Amino acid sequence: MTTEIPPPETKAVTIRALDVRKSYEQGAIAVLKGVDLEVRRGEVVALCGPSGCGKSTLLHLAGGLDEPDSGTIEVNGRTLDTRRSMVNFLRHEVGFVFQLHNLIPDLTMEENCLLPAVAAGSSRLEANERLLTLATRIGLEHRLRQRIHKLSGGERQRAAICRALMNRPSILLADEPTGALDERSSAAVFELLLELVRQEGATLLMATHDLTLASTCDRVVQMHDGKIHED
Amino acid sequence: MIFVRLILVNLLRHRIRTFISVAGIAFSVAAMLTVVTVLQGAIGMFSGILSSGAEMIVFERNVSDLFFSDVPSASATELATWPMVERADPVLFGVVSSADQPIVTCFGVTATDARIRDAEWIAGNPAEFGRDENSIALGERAATFLGATVGQQIPVGHGSFRVMGIVRTRNGFEDGGVFMPLGAARKFFHKEGASAVTIKLRDKSQAGAFKAAVQQRYPNLIALEDAEFSRSYSQFKILKATAWAVGGCGLALGGLGVANTMIMSVFTRIREIAILRVNGFSNAQIAATIFGEAALVSLAGAVAGLMIGIGALYALKGIPALHGYIDVTLHPALVGLVALLAVLTGVAGAVYPAAYAMRIRAVEALRFE
């Protein structure tokens, strides 16, 4: 018996942005000027555009780290309201990968990767099993006990991906995840990221300048001056 | 475990800063322990002088200090005849100056007083005490600092006395004092009675009845049990309050040190806190790491401080000049209280840093990578 995988258009919408506007400095710097976007479950979407066009801001809004001035962000059918605690959302529904790995340098890779599990109060046994599985998939199971400063740039970013996926989030938000890596490492890390996201069945929304990497995604969304120009 | 690691990692990352904070708490704890213990010891010794084997003390009502109390000699004599009273020893306290000693405590006592009776006589014959009103006994330390020996005539205040004996007591104040026959002391200090009368009852359970009887018979006098006296005597209260105030100030300074450290700690890892937040750490979990750090610093400071304080107390006790004045009796409750106060002060110092950490917005900390 085979299960037919429905095409992305028929899948449920995971992230929906409706006329989202965001500005800083009390409105002096308008970053998002009415963004509408839908990302379906399991989609891998690249957000492309020049620096300052609002890619990172949109990711932050989708991840519940910030709130729009107007418009709404829905994730998995729920409108995000940052006035209420986003802790459960951050623990269970979303994972972040940043341009810089943002790992805590004095902790080991294992300890860094277990942080989301500790925050969520997961059992140590389950968390360790999950970590070992992910670490094996990213080829770093032998580096778990190493401190972060002993890992290479590519390894650190792979560890960051591992951490982001620890609690099996349905959405992975990546902000220039390979931006700080050389070309070779960048391709390897991105390939790994795609592979993991697909294995996990997660949705990936990624901000990137790299059009070559973007072209391998399911969709490329072009942003310019706080608006979506091409989808 | 990772929680503990997060706390430890941050403390170890800034070892010198951590050490300074621990040292701040440690010295505060040591100061508090030392001051409170020394003063409590002093109070204990002073109480010991007053009670001297008795259970109750009778003195003039509403006097600010026992030196100003005057119990008429007739009252003291009558008290000794009460059936419930086994012994009644009048004692007159005074302060005199001697050649190089501006303050020498003087005890006017009878020959049968426990202070004379139970003391270890190093020199002289205790049976002779009180026979000659111009003869006095010296505490061992007083004899040393006055450079006096038995038979010698020494100036005490405006008078001159022959040293008839030297006694060794376990009490530093008594050991540094002069024992005069009560009659001589009355003349010397121009008093007709005594400062207080120490009472030994035949049956301790009659303390209440004795107090009531004193109140009825002598409205100007008051009888208190030893412990009651220690609690209510204003000089002791002032000493205790001073000790705790000095120690409290020390601890407050230590707490401010911890607060400063924790503020610096939070400021220097805003990004790290943002990362924790992005990874699902709640406000309570973030605050727990800050309070954990403060608690650990305070605990380490408290342990180090207790060790320093105990060492300092024994060192003070070993100084010959302070012999008998330092009573190194460490009460577990006091040690526990000082340690608890240190930890609480340190944790209180983390309140603002923790509140600040809880307000850190991940998006602002991470916006500029």
Side-chain angles (χ1 to χ4, degrees), chain A residues 22 24 31 56-57 59-61 63-67 82 85-108 110-122 124 127-128 131 147-148 160 163-164 166-167 169 173 175-177 179-180 207, chain B residues 1-19 21 261-262 264-293 296-297 353-355 357-369:
Chain A
K22 179 71 184 174
Y24 297 108
V31 180
S56 297
T57 300
L59 289 184
H60 292 156
L61 294 176
L65 298 183
D66 207 352
E67 59 189 19
T82 53
S85 172
M86 300 302 293
V87 167
N88 278 329
F89 175 70
L90 288 167
R91 282 176 182 170
H92 301 293
E93 293 191 52
V94 67
F96 285 89
V97 180
F98 299 95
Q99 182 173 358
L100 297 175
H101 52 81
N102 278 336
L103 299 165
I104 296 174
D106 298 304
L107 297 182
T108 62
E110 180 185 28
E111 288 164 341
N112 267 287
C113 292
L114 285 173
L115 285 175
V118 170
S122 311
R124 187 71 199 247
N128 281 337
L131 173 60
R147 294 229 175 139
I148 297 306
R163 182 182 65 185
M166 263 306 290
N167 287 350
L173 301 170
D175 194 355
E176 303 278 5
Chain B
M1 189 60 195
I2 290 178
F3 241 101
V4 177
R5 282 276 296 143
L6 273 173
I7 292 168
L8 285 176
V9 150
N10 199 47
L11 291 175
L12 295 174
R13 195 183 287 161
H14 304 284
R15 286 183 170 82
I16 292 178
R17 197 168 69 191
T18 303
F19 174 77
S21 303
T261 300
M262 298 315 301
M264 293 301 294
S265 167
V266 169
F267 284 0
T268 53
R269 57 187 179 119
I270 286 176
R271 188 178 188 81
E272 197 172 297
I273 290 166
I275 294 167
L276 294 178
R277 203 173 270 292
V278 166
N279 281 290
F281 272 63
S282 65
N283 277 340
Q285 286 171 320
I286 286 170
T289 63
I290 310 293
F291 281 120
E293 258 183 67
L296 206 59
V297 165
M358 284 160 65
R359 287 200 303 270
I360 290 172
R361 296 186 67 217
V363 69
E364 284 167 12
L366 296 170
R367 188 176 295 145
F368 305 102
E369 291 204 76

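Values in this document were obtained by computation on a predicted structure and should not be read as measured data. Excluded from the calculations below are hydrogen atoms, water molecules and symmetry mates; all remaining heavy atoms, backbone and side chain alike, are included. Order of the sequence lines sets the chain letters (A, B, ...), proteins ahead of strands, with each chain counted from 1.
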Minimum heavy-atom separation for R163(A) to I275(B), with atom names?
NH1-CG2, 3.5 Å

Counting only heavy atoms from other residues, nucleotides and ligands, does the tally under 6.0 Å from CZ of F19(B) exceed 12?
no

Check the surroundings of atom CZ in R15(B): do more than 12 heavy atoms from other residues, nucleotides or ligands lie under 6.0 Å from it?
no

With a 4.5 angstrom heavy-atom cut-off, could you sort out which part of L12(B) is near chain A: side chain, backbone, both or neither?
neither

Gap between atom CG of N279(B) and atom CD1 of I104(A) - 0.5 Å precision:
8.0 Å

Find out whether L115(A) and F281(B) are in side-chain contact, i.e. whether some heavy atom of one side chain is under 4.5 Å from a heavy atom of the other.
yes

Please test R271(B) against L100(A) for side-chain contact (heavy atoms from CB on, under 4.5 Å), starting from the C-alpha separation and ending with a verdict.
CA-CA 12 Å; R271(B) 188 178 188 81; L100(A) 297 175; 4.3 Å; yes

Between P116(A), A120(A), A164(A), which has the largest tally of heavy atom pairs under 4.5 Å with chain B?
P116(A)

Proximal component of R277(B), with respect to chain A [non-hydrogen, under 4.5 Å]:
backbone

Which pair of heavy atoms, one from R361(B) and one from L65(A), lies closest together, and at what distance?
NH2-O, 3.9 Å

Of the non-hydrogen atoms in Q285(B) and V118(A), which two are nearest, and what is the gap between them?
NE2-O, 3.7 Å

Could you give the distance from CG (N88(A)) to OG (S282(B)), rounded to the nearest 0.5 Å?
9.5 Å

Scored by heavy-atom pairs under 4.5 Å with chain A, the best of R5(B), R13(B), R269(B) is R5(B)

Is there side-chain contact between E110(A) and I2(B), with heavy atoms separated by less than 4.5 Å?
no

